[in-house]
Amino acid sequence: MGAYQHILMGVDLTKDSQQVASRAVALATSFNARLSCAHVIEPLSLAYGGDIPMDLTTIQEQIQKTAKVHLHEFATQLGISEENQHLTFGRPETEIDAIAAEIGADLIVVGSHGRHGIALILGSTANGVLHGAPCDVLAVRVGLQESS
Ligand code: AMP
């Protein structure tokens with residue numbers, strides 16, 4: 001087993017993403033690996049099902065526009081070019097694994113919160129990614145410090 005060649009990091013674009021990114025960038029630098037970045041937009045219909053009796057198209061389009069700008073800003077400041085930036089819709093864990101398979105990533109880097117109680121039972125994105133991953137997965141512990 002050699003060095004990693006293509007690392008994919010999943011970013012939710014919250015402030016935790018910087019912690020995930022700094023690990024992913026450090027690994028990519030030390031392995032001289034390609035670094036890709038993915039953000040998944042969770043469709044409102046997935047989150048709320050048929051509970052909201054209104055057309056969510058306009059709101060969804062606005063969310064997509066904002067996410068596109070934020071992902072672009074986030075990835076560009078890390079030196080990740082546009083061809084290595086991925087924006088898609090669906091469940092984050094499923095989509096991150098699908099993108100990893102599609103681009104031939106050999107390591108996925110995601111954040112992981114220490115969880116307790118019901119949140120632990122419900123599971124996390126990192127758990128979901130691990131279950132369907134086509135490659136190694138690194139869960140970076142996030143949310144422990146205010147800034148880093
Ligand atoms: P969570 O389990 O929701 O706390 O998310 C933990 C980690 O999963 C985040 O730090 C990201 O690495 C990844 N993740 C969560 N949501 C998304 C998303 N919408 N798009 C891409 N990655 C995500």
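The figures here come from the full heavy-atom set of this structure, side chains too, leaving out hydrogens, waters and symmetry mates. Quantities reported herein were computed from a predicted structural model and do not represent experimental measurements. Each ligand, and each atom within it, is numbered from 1 in the order the structure gives.
For ligand 1 and Ala38, the ligand atoms under 4.0 Å from any heavy atom of the residue are 21 (C). Less than 4.0 angstrom separates some heavy atom of His39 from each of these atoms of ligand 1: 19 (N), 20 (N), 21 (C). Within the listing of ligand 1, atoms 18 (C), 19 (N), 20 (N), 21 (C) sit less than 4.0 angstrom from a heavy atom of Val40. Short contacts between ligand 1 and Ile96, defined as distances under 4.0 Å to a heavy atom of the residue, involve ligand atoms 21 (C), 22 (N). Counting atoms of ligand 1 from 1 in the listed order, those under 4.0 Å from a heavy atom of Val110 are 12 (O). Residue-ligand proximity, Ser124 to ligand 1, at heavy-atom distances under 4.0 Å covers atoms 2 (O).
Here atom 8 (O) of ligand 1 lies nearest to Thr125 when heavy atoms of Thr125, Leu13, Leu71 are compared.
Between the side chain of Gln85 and the backbone N or O of Ile80, at least one donor-acceptor pair lies under 3.5 Å. Between the side chain of Ser17 and the backbone N or O of Thr14, at least one donor-acceptor pair lies under 3.5 Å.
By the 4.0 Å heavy-atom criterion, Val11 is counted among the residues contacting ligand 1.
Within the model, atoms NE2 of His131 and OG1 of Thr94 stand 12.5 Å from one another, a figure rounded to the nearest 0.5 Å.
Grouping Ile, Leu, Val, Met, Phe, Trp and Tyr by side-chain contacts under 4.5 Å, direct or through others, puts Ile108 with Leu8, Val40, Ile96, Ile99, Ile103, Val110, Val129, Leu130, Val137.
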Stepwise, does the side chain to side chain donor-acceptor pair (under 3.5 Å) test hold for His72 with Glu82? CA-CA 8 Å; His72 187 264; Glu82 243 168 80; 3.1 Å; yes
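With a 4.0 Å cut-off on non-hydrogen atoms, His113 touches ligand 1 through its side chain and not its backbone.
Side-chain polar atoms of Asp16 and His113 form a donor-acceptor pair below 3.5 angstrom.
In Arg23, the CZ atom is not crowded: 12 or fewer heavy atoms of neighbouring residues, nucleotides or ligands sit closer than 6.0 Å.
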